[in-house]
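Beneath this line is the structure, given in structure tokens, with notes to follow.
Quick note: numbers below take in every heavy atom, side chains included, and nothing from hydrogens, waters or symmetry partners.
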Amino acid sequence: IGVGSNEEIENHTKAGKIAVETIVYAKSFIKPGMLLIEIAEKIEEKIIQLGGKPAFPVNLSINEVAAHSTPLPDSKDTAHGLLKVDLGVHIEGYVADTAFSLDMDNSEENKKLIKAAENALREACKIVNSKVKIRDIGAVIEKEIKSHNLQPIQNLSGHSIEQYELHAGISVPNYANAQERMLG
């Protein structure tokens with residue numbers, strides 16, 4: 001993890017603050033039955049209103065679709081089930097990429113999945129530094145997910161981000177793996 005220039009740090013920080021504020025806003029208005037395209041448009045409008053630009057179209061994935069589903073403009077799909085909201089904000093190409101999940105059905109299973117994912121992220125963040133091996137991050141994530149009697153999704157991963165490059169270089173799987181590489 002390299003240290004960037006002041007401009008890079010400022011732009012990443014601004015993008016991150018906009019992303020956080022956008023998440024708070026999104027959680028305040030998303031309700032079961034809302035059109036997904038309406039949700040996506042409102043989130044993207046908020047990002048712009050706050051001074052950022054969408055880094056990619058808002059992804060709204062439901063139930064077994066883990067990620068990367070973007071509603072088409074004429075879509076009649078609505079929010080239900082386990083809704084995953086993935087959004088990105090960029091300032092001059094410096095991106096904050098984040099996601100959260102919402103339980104649209106008041107389901108114990110959905111709540112369990114959300115709690116497990118949030119706990120796994122928290123545990124991974126505790127060990128992240130320039131000296132940690134990627135495999136160790138994956139192992140921590142896998143251990144936490146399995147402690148909830150669940151299995152980590154293996155075809156999704158964390159990733160490094162470079163200016164104007166959303167998936168750059170480093171990939172961090174959600175499970176114990178053979179990568180010896182360190183983050184730094």
Side-chain angles (χ1 to χ4, degrees), residues 1 12-13 15-32 34 36 39-40 42-44 46-47 50 52 54-71 78-89 95-130 132-161 166-167 170-177 179 183:
I1 301 174
H12 272 299
T13 301
K17 288 178 179 179
I18 291 169
V20 168
E21 194 169 334
T22 302
I23 288 170
V24 171
Y25 169 70
K27 287 180 176 181
S28 77
F29 78 80
I30 296 175
K31 304 288 183 247
M34 281 186 75
L36 296 183
I39 294 168
K42 288 180 83 159
I43 290 172
E44 290 176 0
K46 185 67 169 180
I47 290 169
L50 293 171
F56 51 86
V58 171
N59 296 175
L60 300 167
S61 307
I62 297 173
N63 294 333
E64 69 280 351
V65 178
H68 304 137
S69 181
T70 301
T78 60
H80 65 278
L82 180 61
L83 177 66
K84 283 79 69 187
V85 181
D86 186 358
L87 64 99
V89 176
V95 177
D97 177 9
T98 188
F100 64 95
S101 299
L102 295 171
D103 173 19
M104 299 279 96
D105 291 345
N106 196 25
S107 156
E108 290 307 314
E109 180 180 0
N110 290 347
K111 289 175 186 162
K112 179 179 176 180
L113 290 166
I114 292 168
K115 181 179 179 183
E118 289 173 349
N119 288 352
L121 177 61
R122 185 172 29 262
E123 292 303 309
C125 287
K126 287 180 183 177
I127 69 162
V128 170
N129 63 57
S130 63
V132 70
K133 292 181 179 176
I134 291 172
R135 71 174 186 205
D136 295 333
I137 300 169
V140 165
I141 293 167
E142 181 175 21
K143 180 181 177 188
E144 181 61 32
I145 295 294
K146 286 185 171 182
S147 78
H148 294 268
N149 294 315
L150 298 168
Q151 292 295 316
I153 297 174
Q154 294 202 2
N155 64 348
L156 286 178
S157 62
H159 53 88
S160 59
I161 301 172
L166 189 57
H167 291 261
I170 299 172
S171 180
V172 182
N174 295 319
Y175 57 91
N177 57 79
Q179 291 191 60
L183 287 181

TODO: Only one of Leu102, Asn119, Leu82 passes side chain to side chain contact (heavy atoms under 4.5 Å, CB included) with Ile114; say which it is.
DONE: Leu82
Open item on the list: A side-chain contact here means heavy atoms from C-beta on lying under 4.5 Å apart; do Val58 and Ile39 qualify?
Closed with: no
Open item on the list: Show the nearest heavy-atom pair for residues Asn63 and Gly81, with the distance to one decimal.
Closed with: OD1-CA, 3.3 Å
Open item on the list: Would you compute the distance between atom CD1 of Ile141 and atom CG of Leu121 and round it to the nearest 0.5 angstrom?
Closed with: 7.5 Å
Task: Student check: side-chain heavy atoms of Ile30 and Met104 closer than 4.5 Å - done: yes
- [ ] Go through Asn59 and Ser69 one step at a time and tell me if the side chain to side chain donor-acceptor pair (under 3.5 Å) criterion holds.
- [x] CA-CA 5 Å; Asn59 296 175; Ser69 181; over 6 Å; no
Open item on the list: With a 4.0 Å cut-off on N to O distance, would you call Lys126 and Glu123 a salt bridge?
Closed with: yes
Task: Heavy atoms of other groups near Lys42 NZ, more than 12 under 6.0 Å - done: yes
- [ ] Might you point out which heavy atoms bring Val128 and Ala124 nearest each other, and give the distance in Å?
- [x] CG2-O, 3.1 Å
Open item on the list: So, taking the atom named CG in Leu50 and the one named CD1 in Ile18, what distance separates them when rounded to the nearest 0.5 Å?
Closed with: 6.0 Å
Open item on the list: I'd like to know if Glu109 and Lys112 make a salt bridge, using a cut-off of under 4.0 Å between side-chain N and carboxylate O.
Closed with: no
Open item on the list: Return the CG to CD distance between Asn174 and Gln151, rounded to the nearest 0.5 Å.
Closed with: 12.0 Å
Task: Rounded distance [0.5 Å steps], CD in Glu108 versus NZ in Lys115 - done: 11.0 Å
Task: Distance in Å, Asn110 CG paired with Leu83 CG, rounded so as to fall on 0.5 Å steps - done: 10.0 Å
TODO: Count the heavy atoms of every other residue, nucleotide or ligand shown that sit under 6.0 Å from NZ of Lys111, and state whether that count exceeds 12.
DONE: yes
- [ ] Would you check if Glu144 and Pro152 make a side-chain contact, meaning some heavy-atom pair closer than 4.5 Å?
- [x] no
Open item on the list: If you compare all heavy atoms of Ala55 against all heavy atoms of Val89, which two are closest, and at what distance to 0.1 Å?
Closed with: CB-N, 3.9 Å
Task: Separation of His68 NE2 from Leu156 CG (nearest 0.5 Å) - done: 6.0 Å
Open item on the list: Ignoring hydrogens, what is the shortest heavy-atom contact between Lys84 and Ala66? Give both atom names and the distance.
Closed with: CE-O, 3.6 Å
